[in-house]
Amino acid sequence: MPELPEVETTRQGLLPLVDQTIKEIIIRNGSLRWPVNPNLNKILTDKSIRSISRRAKYLYINFEHGTLIIHLGMSGRMQIINGNAKAEKHDHVIFKFINNNKTLRYHDPRRFGSMHWVTTEINEHFLIKSLGPEPLSENFNAGYLYQKLRAKKQCIKNSLMDAHLVVGVGNIYASEALFLSNIRPQKQSLKLTKKDVNKLVNAIKFVLNAAIQKGGSTLNDFTSVDGKLGYFQQEHQVYGREGLPCYQCQNPIQKIILGQRSSFFCKICQK
DNA sequence: CTGTAGACCTGGAGGC
DNA sequence: TGCCTCCAGGTCTACA
């Protein structure tokens, strides 16, 4: 589920927990991508959430004395539950609150996600320190991206998914943004013109913003909720549409593997 | 330094 | 029904 729009949507959904005080944290399975700090309960009991922010696909749960950095991996979810319904399979970490009958659950079947308690300068943390700019910030612009791409021999799709270059562009939105920019995913990065790069930057911002507006819509199952009007409510333009007609030209969408990840494009619309 | 394959892990879909 | 293979939203690490 989680590409940047889903993480941002999750962040917004967690905002009601700001100012709430932790009563208890139960670690049911701490073997995520990195082991969860077993002292989390001791560290955070009676502490209040000051704010909840995001950097790349990391959620920051900010406390006065430190930050809990959470990544959702491939299959993670954060869910607020009313009442005391018992934890389900893959609910690995449970947060309970004082003066509030709500429970926050970290659910992650594949356990590719992570949780780190950080009290030192967060931008120096090993997960954070070498991240590229936020795609929706002004720091991510055509001038910046063109400079970065001009010496890169790898294909543009792989470059886009390199978090040193720009964060938050995952497998789905990389394909989608390249389609909107009429650029083939396998094109060498250094062959993009300034015009290409300009179009690409705008497309990345557009697809991410549109998905955030829709509350995160990465998966096809989202379309079944209301598959009527609007760009994202319909379907992705290319992702997951191998063999189906391109919405622009009706030619079948192609699937290729780049960097071990499925990539989709239209060979007529993208050059 | 650059670029790529492998690794981590579970579950769902599809073939036989 | 059961077993097998393949595939999935991410990204760190090891190695050429």
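Lettering of chains follows the sequences in order, A, B, ..., and the numbering in each one begins at 1.
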Bracket string, DNA chain B, 5' to 3' - pairs by Watson-Crick or G-U geometry under 3.5 Å, | interstrand: .|||||||.|||||||
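In the set dG10(C), dC12(C), dG3(B), dC12(C) carries the atom at the smallest distance from any side-chain atom of Trp34(A). Picking from dT11(C), dA8(C), dT4(B) the nucleotide with the shortest atom distance to the side chain of Asn158(A) gives dT4(B).
Rounded to a whole Å, the CD1 atom of Ile257(A) is 7 Å from the P atom of dC7(C). Per the geometry, NE2 belonging to His164(A) stands 9 Å off P belonging to dT2(B), to the nearest Å. Gln186(A) has its CD atom 13 Å from the P atom of dT4(B), to the nearest Å. Whole-Å rounding puts the Ile69(A) CD1 to dC12(C) P distance at 12 Å. The CG atom of Leu127(A) sits 12 Å away from the C1' atom of dG10(C) (whole-angstrom rounding). Atom NE2 in His116(A) sits about 19 Å away from atom P in dG10(C), given to the nearest Å. Following rounding to the nearest Å, Ile156(A) (CD1) and dG3(B) (C1') show an atom-to-atom distance of 15 Å. With rounding to whole Å, Leu165(A) atom CG is found 10 Å from dT2(B) atom P.
Under 3.5 Å, the side chains of Asn182(A) and Lys199(A) contain a donor-acceptor pair of N or O atoms. Between the side chains of Asn62(A) and Ser53(A), at least one donor N or O sits under 3.5 Å from an acceptor N or O.
The neighbour count for Asn99(A) CG, taken as heavy atoms of other residues, nucleotides or ligands under 6.0 Å away, does not exceed 12.
Electrostatic pairing of Glu64(A) and Arg50(A) counts as a salt bridge here, judged by a charged N lying under 4.0 Å from a carboxylate O. Salt-bridge annotation for Asp196(A) and Lys191(A): absent, with no side-chain N of the basic residue lying under 4.0 Å from a carboxylate O of the acidic one. By the 4.0 Å N-to-carboxylate-O rule, Glu3(A) lies too far from Lys57(A) to be salt-bridged with it. We find that Glu8(A) and Arg54(A) are joined by a salt bridge, their nearest charged nitrogen and carboxylate oxygen being less than 4.0 Å apart.
Between dC7(C) and dA5(B), the two P atoms lie 15 Å apart (nearest whole Å).
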Enumerate all atom pairs, one protein N or O and one N or O from nucleotides 14-16 of chain C, separated by less than 3.5 Å.
none

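Aromatic ring centroids of His236(A) and Tyr247(A) lie 6.0 Å or more apart. Taking the six-membered ring for Trp and the full ring otherwise, His71(A) and Trp34(A) have centroids separated by 6.0 Å or more. Within the 6.0 Å centre-distance limit, the rings of His125(A) and His116(A) are counted as a close aromatic pair.
For the pair Lys152(A) and dT2(B), the criterion of a side-chain N or O lying under 4.0 Å from OP1 or OP2 is not met. Phosphate proximity of dT4(B) to Gln154(A): present, with a side-chain N or O under 4.0 Å from OP1 or OP2. The phosphate of dA8(C) has OP1 or OP2 within less than 4.0 Å of a side-chain N or O from Ser262(A). At least one side-chain nitrogen or oxygen of Lys57(A) sits closer than 4.0 Å to the OP1 or OP2 atom of dT11(C).
When side chains are defined from C-beta on, Met78(A) counts as touching Leu104(A), because their heavy atoms get closer than 4.5 Å. The shortest distance between side-chain heavy atoms of Phe63(A) and Ile22(A) falls below 4.5 Å.
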If a protein heavy atom is under 4.0 Å from the base, mark B; if only from the sugar-phosphate, S; if neither, -; do that for nucleotides 5-12 of chain B going 5' to 3'. BB-BBBS-
